[in-house]
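A short write-up of the structure that comes next.
Just so we're clear, the structure is a prediction, and the values are computed from it rather than from any experiment.
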Amino acid sequence: MRLYWVILCLVYSGSAVSDQKVYRWKDKNGNWVYSDVPKKGSEKVKLNTNMLTMPATDTSILAPNSTTPAVTYKAKITAPSDQQTLRENSGSVYVNGLVTPRFANGFQVQLFLNGKPAGPKQTSASFALRDLPRGEHKLQMKVFDDKGMLVAQSAVTTFFLHRASLLNR
């Protein structure tokens, strides 16, 4: 690091470089020390203007890489399938979803039933709905990142639940 500063100072000194005297010696840790003031045991360094020419350094690796593609998540409800009719007298419906690629740590999934949250956000894409009324229902699954931002949502899946009527019992 000291050498860098010495070279930098020498570069800025311009034409006076050839008239300057530089001395070097090793410190107690074995590092080279450069100075324009001699010290006991130091040696004079012969400066050459060619020595001060430094090649250009590629600093592009220091810039943020804006070409890194953002991960695109996809969500899909795998069961029940769209337009499926379910016959379940208890009104229980089991919903399974799939998120690709596998979502990162801290991500959560939430199921929406007929446009309203069917429960809290969770880390699993499997849901159990209880005591649903018979008729048409719409499901949608949404995926949120660790900051609570929406990163994916499934298409709306419509299913029909048939339950035995109280009149038929």
Side-chain angles (χ1 to χ4, degrees), residues 1-14 27 29-34 51-169:
M1 188 66 180
R2 290 180 188 159
L3 177 60
Y4 170 78
W5 289 109
V6 169
I7 292 174
L8 187 62
C9 290
L10 293 174
V11 168
Y12 281 115
S13 64
D27 66 9
N29 296 322
N31 298 315
W32 285 107
V33 177
Y34 293 83
M51 181 179 82
L52 298 177
T53 305
M54 297 180 68
T57 303
D58 180 13
T59 59
S60 64
I61 61 169
L62 302 175
N65 190 351
S66 60
T67 60
T68 303
V71 176
T72 302
Y73 290 92
K74 294 182 181 179
K76 178 181 179 182
I77 293 175
T78 58
S81 59
D82 193 37
Q83 302 298 315
Q84 183 177 359
T85 298
L86 302 173
R87 288 173 174 75
E88 177 57 52
N89 287 332
S90 71
S92 295
V93 175
Y94 299 96
V95 179
N96 292 313
L98 178 66
V99 177
T100 55
R102 184 177 173 145
F103 53 88
N105 198 14
F107 279 35
Q108 293 184 314
V109 182
Q110 190 170 31
L111 183 67
F112 288 76
L113 174 66
N114 301 322
K116 296 179 184 170
K121 294 175 184 174
Q122 61 185 45
T123 57
S124 168
S126 296
F127 307 88
L129 302 174
R130 305 281 185 222
D131 201 31
L132 290 181
R134 54 191 227 166
E136 178 182 310
H137 297 283
K138 297 188 181 297
L139 297 171
Q140 186 174 38
M141 187 174 67
K142 296 184 180 184
V143 181
F144 299 90
D145 67 11
D146 57 348
K147 295 177 182 98
M149 300 297 295
L150 180 67
V151 294
Q153 64 185 17
S154 70
V156 174
T157 297
T158 302
F159 72 95
F160 305 92
L161 181 62
H162 284 211
R163 293 178 73 170
S165 169
L166 293 174
L167 301 175
N168 293 342
R169 289 187 187 174

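A donor-acceptor pair under 3.5 Å is formed between the side chain of Gln110 and the backbone N or O of Gly119. Asn89 places a side-chain N or O within 3.5 Å of a backbone atom of Ala164 that can act as its donor or acceptor partner. A donor-acceptor distance shorter than 3.5 angstrom exists from the side chain of Arg163 to the backbone of Leu132, with no hydrogens or angles considered.
Under the 4.5 Å side-chain criterion, counting only non-hydrogen atoms from C-beta, Val109 is not in contact with Phe107. Residues Asn96 and Ile77 fail the side-chain proximity criterion, which asks for heavy atoms closer than 4.5 Å. Two residues are said to be in side-chain contact when any heavy atoms from C-beta on lie closer than 4.5 Å; Tyr94 and Ser126 fail this criterion. With a 4.5 Å cut-off on side-chain heavy atoms, Leu161 and Pro133 do not count as touching.
Qualifying side-chain hydrogen bond (donor to acceptor under 3.5 Å, both in side chains) partners for Thr158, counting only residues two or more places apart in sequence or in other chains: Lys138. For Gln108, there are no side-chain hydrogen bond (donor to acceptor under 3.5 Å, both in side chains) partners, not counting sequence neighbours.
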Using distance only, find each side-chain donor-acceptor pair of residues 142-150 under 3.5 Å and give its atom names and separation, not counting sequence neighbours.
residue, atom, partner, partner atom, Å
Asp145, OD1, Lys147, N, 2.9
Asp145, OD1, Gly148, N, 3.0
Asp145, OD1, Met149, N, 2.8

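In this structure, the separation between CD on Gln153 and CZ on Phe112 is 9.0 Å, given to the nearest 0.5 Å.
Counted by atom type alone, Thr157 and Asp82 present zero donor-acceptor pairs between their side chains at under 3.5 Å.
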